[in-house]
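It should be emphasised that the depicted structure is a prediction, and the values quoted were computed from it without experimental measurement. Numbering of ligands and ligand atoms starts at 1, following listing order.
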Amino acid sequence: MTTDFASSSETRDMSLSPVAGVGKARRGLHMITWGCQMNVYDSARMTDVLRPLGYTPVDNPADADMVILNTCHIRDRAAEKVFSELGRLRVIKDERRAEGRETVLAVAGCVAQAEGEQILKRAPYVDIVLGPQTYHRLPEMVARAARAGGSVIDTDFPAEQKFDFLPQDAAPQTAGNVSAFLTVQEGCDKFCSFCVVPYTRGAEASRPVVSVLAEARRMVAGGVREITLLGQNVNAYHGEGPDGGVWGLARLAYALAEIPGLDRIRYMTSHPRDMDDALIMAHRDLPALMPFLHLPVQSGSDSILKAMNRGHTADDYRRLVDRLREARPDLALSSDFIVGHPGETDEDFEATMRLIGDVGFALAYSFKYSVRPGTPAAGAPLQVAETVKDQRLQALQALLREQQDDFNGSVVDRVAPVLFTGRGRKPGQMVGRSPWLQAVHVDGSDDLVGTVCPVLITTRLSNSLAGHLIEECALA
Ligand code: SAH
Ligand code: SF4
Ligand code: F3S
């Protein structure tokens, strides 16, 4: 990966110079984030790069000098949802202008990448459109928009990596969080028949190991105890190592596990094809690697998996799960499913239900296939009727819900180590997470935040667990 130093210094200079009203005065920044965890991470990083310009987060868009809508393009009506939200934000922008206050309105993320020009055409009051690969240029774009008084669009896939431009000194947006996301890999070359991601996020690219470790250390120094490594295909990670060699995700996990104070490591989203032996062994060897894996399978039918271009069969997936459970017997799995992919018959759907029955999932996300223009499946014959998709989705979700309840119930009467992340809804109540990503509530005090304590789980609620601390927890 090359680093463009000219662009780097320009970006930094801009962030420090009071260009056209962009000074260091305190400014409100309102961030709206849709989509996957990578967008959550990107929103945090956009907040970081804007901080040197004086922008600090505010909850209410009416108090914001800048609003960023970070969008997702994964399923249909994505663009319509963006335009309806922009209509709402336009009203706020007009009201503020009537009071003599300007609002910079930016659209970021995957819809911006795919439909940037459209957005500027249909919503000319938008000031900035930026794709997921250019958020490090935001300070420069803000300055340009202020100078030009017009709109700025940047949906390049630049040669320089945005990660090289993250502020090293500014208080990271993750400060105060116990759990944080860290993007290590981005983009996708797999071109599943149904999916827009290869077009919105570009080709697969991994961050160098030193850059990941440095960010992880900064996060831990700021109080983070759990890091979830992110990537569209995170287990395809192949970053440049400090030794000049290529490191896979397993090797990265071993290195992260050495960081004192980093109690828990997770990663998502994994592709079954990239689940190599080294990573399976890491699950056996590393207690910090949590026993919960999101491993989307999409379908249990071999012919649909083939049509989807997933590159494995249903039995390959079953065998993989067996090997993972052999390595880490308490490993729980979650997955994604699509019903109604073009060509899916009743038999194909039954095969998916069988796979779910065989594997047993702790959690799952399931979707009706949604036509994405420009993807291979969009033009495929044998599109499945909406009513059939509805029926299949209902049956699938009922089975998955049953499995989820069973899994959550299986933890009751057991002691689980819980990493406390903050206050619960009721006074005197604290909330944390089990190793299996379940929310756990206990009575306790703020001192618990950031510590891992053993909790006796007593109750399964609809989407969480409750329990009580079984011993005084040593404070971190
Ligand atoms: N990289 C991940 C998935 C990223 S997209 C993987 O390979 O598994 C997240 C999920 O959205 C997918 O797993 C899929 O279940 C769902 N999805 C993606 N495109 C979709 C579409 N066109 N219609 C319905 N669901 C879709
Ligand atoms: Fe989309 Fe497939 Fe890539 Fe996942 S692996 S991001 S589903 S193309
Ligand atoms: Fe959505 Fe883009 Fe993530 S399309 S799911 S925000 S990669």
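- Nearest non-hydrogen protein atom to atom 23 (N) of ligand 1 is S370 N, 3.0 Å.
- Among protein heavy atoms, atom 1 (Fe) of ligand 2 sits closest to C195 SG, 2.3 Å.
- Distance check, rounded to the nearest 0.5 Å: SG of C72 to CG of N39 gives 6.5 Å.
- Looking at R310 next to ligand 1, an N or O pair under 3.5 Å apart turns up.
- Of the protein's non-hydrogen atoms, I74 CG1, 3.5 Å is the one closest to atom 18 (C) of ligand 1.
- Among the backbone and side-chain atoms of C110, an N, O or S atom lies under 2.8 Å from atom 2 (Fe) of ligand 3.
- Under a 4.0 Å heavy-atom criterion, V197 is not in contact with ligand 1.
- Given atom 19 (N) of ligand 1, the protein heavy atom at minimum distance is F194 CD1, 3.3 Å.
- Remark: ligand 2 atoms within the under-4.0 Å shell around heavy atoms of C192 are 2 (Fe), 5 (S), 7 (S), 8 (S).
- The shortest N or O to N or O distance between D336 and ligand 1 is under 3.5 Å.
- Proximity to F194 (heavy-atom distance under 4.0 Å) selects the following atoms of ligand 2: 7 (S).
- In this structure, R392 pairs ionically with E344, as a charged nitrogen and a carboxylate oxygen lie closer than 4.0 Å.
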CA sep, side-chain torsions, deciding dist, call: R325, D330, salt bridge (charged side-chain N to carboxylate O under 4.0 Å, His left out) = CA-CA 7 Å; R325 284 179 168 153; D330 62 343; over 6 Å; no

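- Side-chain atoms of N233 do not come within 3.5 Å of backbone N or O of N235 as any donor-acceptor pair.
- Defined by atom type and a distance below 3.5 Å, a donor-acceptor pair is present between the side-chain atoms of Q133 and E186.
- D390 and T387 share no donor-acceptor pair across their side chains, judged by distance under 3.5 Å alone.
- Close contacts between ligand 2 and V197 involve ligand atoms 6 (S) [criterion: under 4.0 Å to a heavy atom].
- There is no side-chain donor-acceptor pair under 3.5 Å between H341 and S299.
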Verdict with supporting geometry, Q185 and S206, side-chain hydrogen bond (donor to acceptor under 3.5 Å, both in side chains) = CA-CA 4 Å; Q185 179 278 344; S206 299; 5.6 Å; no

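- Of the N or O atoms in N233, none lie within a sub-3.5 Å distance of an N or O in ligand 1.
- Applying the 4.0 Å criterion to heavy atoms of P198 picks out, from ligand 2, the atoms 8 (S).
- Considering backbone and side-chain atoms together, T269 places no N or O closer than 3.5 Å to any N or O of ligand 1.
- Set against the non-hydrogen atoms of H271, the atoms of ligand 2 under 4.0 Å away are 5 (S).
- Looking only at heavy atoms of the protein, atom 4 (S) of ligand 3 is closest to H73 N, 3.2 Å.
- Among all protein heavy atoms, the one lying closest to atom 7 (S) of ligand 3 is Q232 NE2, 3.1 Å.
- No side-chain donor from either of D127 and S151 sits under 3.5 Å from a side-chain acceptor of the other.
- By the criterion of a heavy-atom distance under 4.0 Å, neither the backbone nor the side chain of M38 is placed next to ligand 3.
- Taking every non-hydrogen atom of N233 and a distance limit under 4.0 Å, the qualifying atoms of ligand 2 come out as 3 (Fe), 5 (S).
- Counting protein heavy atoms only, atom 4 (Fe) of ligand 2 is closest to R310 NH1, 4.2 Å.
- Close contacts of ligand 3 with I74, meaning ligand atoms under 4.0 Å from a residue heavy atom, involve 4 (S).
- Between F337 and the choices Y369, F361, Y365, the ring-ring contact (aromatic ring centres under 6.0 Å, His included) rule is met once, by F361.
- For the pair R372 and ligand 1, the shortest N or O to N or O distance does not fall below 3.5 Å.
- For R207 (side chain) and T183 (main-chain N/O), a donor-acceptor pair under 3.5 Å exists by modelled atom type.
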After noting the C-alpha distance and the side-chain angles of R273 and K190, does the key distance pass the side-chain contact (heavy atoms from CB on, under 4.5 Å) rule?
-> CA-CA 10 Å; R273 253 157 78 186; K190 294 207 161 54; 4.0 Å; yes

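- The shortest contact between atom 6 (S) of ligand 3 and any protein heavy atom is with N39 ND2, 3.3 Å.
- Contact between R266 and P435 at its shortest, heavy atoms only, is NH1-O, 3.0 Å.
- Taking every heavy atom of Q232 and a limit of under 4.0 angstrom, the matching atoms of ligand 1 come to 1 (N), 2 (C).
- Protein heavy atom at the shortest distance from atom 14 (C) of ligand 1 is Q298 OE1, 3.4 Å.
- Looking at ligand 1, you won't find any N or O of Y369 less than 3.5 Å from one of its N or O atoms.
- Protein heavy atom nearest atom 1 (Fe) of ligand 3, with residue, atom name and distance: C72 SG, 2.4 Å.
- If you number the atoms of ligand 1 from 1 as listed, the ones under 4.0 Å from a heavy atom of K368 come out as 23 (N), 24 (C).
- In this pair, Y199 and F191 present their aromatic rings perpendicular. The plane angle is above 60°, beyond the 30 to 60° band.
- Proximity of the aromatic rings of Y267 and H283 is defined here by a centroid distance below 6.0 angstrom, and this criterion is met.
- Annotation: cation-pi pair R75/F367 present, NZ/CZ under 6.0 Å from the ring centroid and within 45° of its normal.
- The shortest N or O to N or O distance between F337 and ligand 1 is not below 3.5 Å.
- Using a 4.0 Å cut-off between heavy atoms, C188 contacts ligand 2 through its side chain alone, with no backbone atom that close.
- Counting atoms of ligand 2 from 1 in the listed order, those under 4.0 Å from a heavy atom of F191 are 8 (S).
- Side-chain N/O atoms of S303 and D348 include a donor and acceptor closer than 3.5 Å.
- Of the protein's heavy atoms, none falls inside 4.0 Å of atom 4 (C) of ligand 1.
- Compare H73, H294, R75, R201 by their heavy atoms: the one nearest to atom 25 (N) of ligand 1 is in R75.
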Carefully, step by step, assess E115 and H73 under the rule side-chain hydrogen bond (donor to acceptor under 3.5 Å, both in side chains).
-> CA-CA 10 Å; E115 306 199 18; H73 204 230; 3.2 Å; yes

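- Both tests hold for R45 against Y41: distance to the six-membered ring centre under 6.0 Å, angle to the ring axis within 45°.
- Protein heavy atom nearest atom 3 (Fe) of ligand 3, with residue, atom name and distance: C36 SG, 2.3 Å.
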